[in-house]
Chemist: 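Handing you a structure now.
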Amino acid sequence: MLLGQAFMSSIKLCEALFMDLLFAVEIRLDAFHSHRNIWRDAQVPQRTFRYYNLESKILHFEALMDDVKNAPNYSFFLLHPCAHNPTGVDPTEEQWREISYQFKVKNHFPFFDMAYQGFASGDLDRDAQAIRIFLNDGHLIGCAQSFAKNMGLYGQRVGCLSILCKDAKQAISVKSQLQQIARAMYSNPPVYGALLVSTILDDPDLRNLWVKELKVMADRIIKIRAVLRKNLLELGSPLNWDHITNQVGMFCYSGLTPEQVDQLTNKFHIYMTRDGRIR
């Protein structure tokens with residue numbers, strides 16, 4: 001485990017560690033653009049797997065499972081365990097169990113981008129259930145974890161890279177390789193943000209206070225979703241806006257078209273990305 005650098009740097013470290021071993025990386029069709037850029041810059045080919053159903057505005061689970069089954073054995077998949085960016089749509093616990101089972105059958109390697117733990121449900125343990133399902137099923141996994149959002153440390157970009165290895169000997173080798181890569185990439189990360197995180201996590205009182213404040217933020221997001229949906233219905237919108245409250249976390253895939261987003265921007269100065277994502 002390497003603590004201190006931003007989670008995007010954690011992904012970059014993992015990319016450098018695996019790049020000579022990968023034929024391709026499996027990335028969602030609607031992937032966060034930074035993911036694509038990191039693997040593109042490493043010249044690792046990218047394949048896409050389906051995830052979100054634009055018409056029904058829910059997880060396209062059948063298509064996702066088909067792509068997992070049809071991917072070459074030993075494929076490397078980049079996954080969001082909770083508060084999916086950009087759609088706000090997460091698999092259910094049962095769906096995660098099916099995904100984990102199929103990964104085991106195909107010997108796929110799951111790499112988790114854990115950027116928003118706590119923002120999906122307000123419960124750190126619940127938001128980590130996908131990773132724990134994979135661990136309980138005996139997978140070796142990678143995880144890039146961020147404290148930038150859930151600790152309000154955007155300016156510090158604090159993160160953690162974890163690679164689960166099969167034994168102590170492999171762990172020593174992986175750690176050595178990561179240290180060499182990090183040395184050439186950024187040498188040593190800034191220590192200030194990492195010390196803030198470790199101070200909070202190591203002090204029971206501070207940790208409990210942080211968990212309570214994180215729950216307040218998550219509940220506020222849930223409330224804002226409910227109010228937005230309620231107001232749209234009260235204004236007489238004929239559309240179904242259930243997806244606003246069904247989605248979780250910091251992001252909402254509104255379903256608006258690029259042209260509708262442009263109209264909101266130009267006429268009413270309401271701003272969002274042109275794919276309709278509200279943050």
Side-chain angles (χ1 to χ4, degrees), residues 7 11 24-40 46-71 75-103 106 108 110-117 119-121 126-127 129-131 133-134 144 146 149 218 221-222 224-226 228-229 232 237 239-262 264 272-279:
F7 94 105
I11 296 177
V25 58
E26 302 285 345
I27 297 180
R28 297 182 325 274
L29 193 60
D30 51 16
F32 182 42
H33 62 85
S34 294
H35 290 163
R36 295 188 180 280
N37 294 342
I38 285 176
W39 296 100
R40 182 201 63 209
Q46 300 176 31
R47 288 192 295 260
T48 57
F49 62 90
R50 291 166 291 176
Y51 186 87
Y52 183 72
N53 189 320
L54 285 170
E55 293 184 3
S56 62
K57 299 180 179 63
I58 61 174
L59 180 69
H60 204 330
F61 186 66
E62 294 79 9
L64 167 61
M65 291 304 294
D66 283 344
D67 290 345
V68 169
K69 293 174 183 177
N70 292 325
S75 290
F76 182 106
F77 276 78
L78 184 57
L79 304 170
H80 269 178
C82 70
H84 183 269
N85 180 4
T87 69
V89 173
D90 292 343
T92 64
E93 179 179 347
E94 185 57 35
Q95 288 171 335
W96 274 121
R97 294 190 185 281
E98 291 187 47
I99 294 169
S100 174
Y101 171 78
Q102 197 58 46
F103 267 55
K106 297 286 291 186
H108 294 330
F111 186 83
F112 291 99
D113 170 2
M114 176 66 99
Y116 312 103
Q117 186 178 6
F119 280 121
S121 67
R126 182 176 174 184
D127 285 2
Q129 72 171 357
I131 293 177
I133 287 171
F134 275 73
S146 172
K149 291 84 175 174
I221 292 173
I222 293 170
I224 290 173
R225 287 181 178 276
L228 175 59
R229 178 176 174 271
L232 287 169
S237 173
L239 302 178
N240 185 336
W241 296 101
D242 288 350
H243 59 283
I244 291 178
T245 48
N246 290 337
Q247 295 170 10
V248 296
M250 295 172 62
F251 306 102
C252 174
Y253 235 29
S254 66
L256 298 177
T257 66
E259 293 74 22
Q260 290 169 330
V261 171
D262 290 341
L264 286 174
M272 66 187 75
T273 55
R274 293 191 78 241
D275 59 3
R277 185 187 73 158
I278 301 173
R279 180 173 181 173

Chemist: Rounded to the nearest 0.5 Å, how far apart are CG of Leu59 and CG of Leu64?
Modeler: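 CG of Leu64 is found 6.0 Å from CG of Leu59.
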Chemist: Does the pair His243 and Tyr253 meet the rule for a side-chain contact (heavy atoms from CB on, under 4.5 Å), with working shown?
Modeler: CA-CA 8 Å; His243 59 283; Tyr253 235 29; 5.9 Å; no
Chemist: Looking at Lys149 and Tyr116, would you say the former's side chain and the latter's main chain have a donor-acceptor pair under 3.5 Å?
Modeler: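 Between the backbone of Tyr116 and the side chain of Lys149 there is no qualifying donor-acceptor contact (under 3.5 Å).
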Chemist: Will you find, in the side chains of Trp96 and Ser100, an N or O donor that is under 3.5 Å from an N or O acceptor?
Modeler: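 Distance-only check fails for Trp96 and Ser100.
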Chemist: What's the verdict on side-chain contact (heavy atoms from CB on, under 4.5 Å) for Met114 and Cys82, showing C-alpha distance, side-chain angles and the deciding distance?
Modeler: CA-CA 7 Å; Met114 176 66 99; Cys82 70; 3.8 Å; yes
Chemist: I want to know whether His84 and Tyr51 have ring centres closer than 6.0 Å.
Modeler: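 Yes: the rings meet the under 6.0 Å criterion.
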Chemist: Atom CD1 of Ile278 and atom CD1 of Ile224: how far apart are they, to the nearest 0.5 Å?
Modeler: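 One finds 11.0 Å between CD1 of Ile278 and CD1 of Ile224.
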Chemist: Are any side-chain N or O atoms of Gln95 and backbone N or O atoms of Thr92, one a donor and one an acceptor, separated by less than 3.5 Å?
Modeler: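 Yes: the side chain of Gln95 pairs with the backbone of Thr92.
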Chemist: Nearest 0.5 Å, please: how far is CD in Glu94 from CD1 in Ile99?
Modeler: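 Spacing of CD1 (Ile99) from CD (Glu94) equals 10.5 Å.
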Chemist: Minimum heavy-atom separation for Asp275 and Arg277, please, with both atom names.
Modeler: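 Asp275 and Arg277 have their closest heavy atoms at OD1-N, 3.1 Å.
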Chemist: Do Glu93 and Ile133 have side chains that approach each other closer than 4.5 Å (heavy atoms only, starting at C-beta)?
Modeler: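 Counting from C-beta outward, Glu93 and Ile133 do come under 4.5 Å.
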Chemist: So, taking the atom named CG in Leu256 and the one named CG in Asp262, what distance separates them when rounded to the nearest 0.5 Å?
Modeler: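 One gets 11.0 Å once the value is rounded to the nearest 0.5 Å.
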Chemist: Nearest 0.5 Å, what's the CZ-CE distance between Arg50 and Met65?
Modeler: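 Arg50 atom CZ to Met65 atom CE measures 12.0 Å (nearest 0.5 Å).
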Chemist: Nearest heavy-atom pair of Gly255 and Gln260: which atoms, and what distance?
Modeler: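 Distance-wise, the nearest heavy atoms are O-OE1, 4.4 Å.
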Chemist: Return yes if some donor-acceptor pair links the side-chain N/O of Asp90 with the main-chain N/O of Ala83 below 3.5 Å, else return no.
Modeler: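 Present.
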Chemist: Under a 3.5 Å distance rule, please check whether Lys69 uses its side chain to pair with a backbone N or O of Gln102 as donor and acceptor.
Modeler: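 Flag not set: sc Lys69 to bb Gln102 has no pair under 3.5 Å.
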Chemist: Indicate the atoms forming the closest heavy-atom contact of Asp127 with Ser121, along with that distance.
Modeler: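 Shortest heavy-atom contact: OD1-OG, 2.7 Å.
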Chemist: Return the minimal non-hydrogen interatomic distance between Phe251 and Arg225, and the atom names on each side.
Modeler: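 Heavy-atom minimum between the residues: O-NH2, 2.5 Å.
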Chemist: For Asn240 versus Asp242, what's the shortest heavy-atom pair and its separation?
Modeler: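 Nearest pair, atom of Asn240 first, then Asp242: OD1-N, 2.8 Å.
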Chemist: Measuring from atom CZ of Phe77 to atom CZ of Phe103, what distance do you get when rounded to the nearest 0.5 angstrom?
Modeler: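 The distance works out to 5.0 Å.
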Chemist: When you compare the side chain of Val68 with that of His108, does any pair of heavy atoms fall below 4.5 Å?
Modeler: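 Answer yes - side chains close enough.
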Chemist: For a quick test of reading the model, state the closest non-hydrogen atom pair linking Met272 to Ser254 and the distance between them.
Modeler: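 Closest approach of Met272 to Ser254, heavy atoms only: SD-OG, 4.3 Å.
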Chemist: Taking the side chain from Arg279 and the backbone from Cys252, do they hold a donor-acceptor pair closer than 3.5 Å?
Modeler: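 No.
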Chemist: Any donor and acceptor pair, going by atom type alone, linking the side chain of His80 with main-chain N or O of Phe112 inside 3.5 Å?
Modeler: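 Such a contact is absent between His80 side chain and Phe112 backbone.
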Chemist: How about Leu232 and Ile244: do any of their side-chain heavy atoms sit closer than 4.5 Å?
Modeler: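 Touching, per the 4.5 Å side-chain cut-off.
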Chemist: Checking Leu79 against Phe111 for the side-chain contact (heavy atoms from CB on, under 4.5 Å) test, could you report, in this order, the C-alpha distance in whole Å, the side-chain angles of both residues, the deciding distance, and whether it holds?
Modeler: CA-CA 6 Å; Leu79 304 170; Phe111 186 83; over 6 Å; no
Chemist: Looking at Glu259, I'd like to know if its CD atom is crowded, meaning that more than 12 non-hydrogen atoms belonging to other residues, nucleotides or ligands lie closer than 6.0 Å.
Modeler: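 Above 12, so yes.
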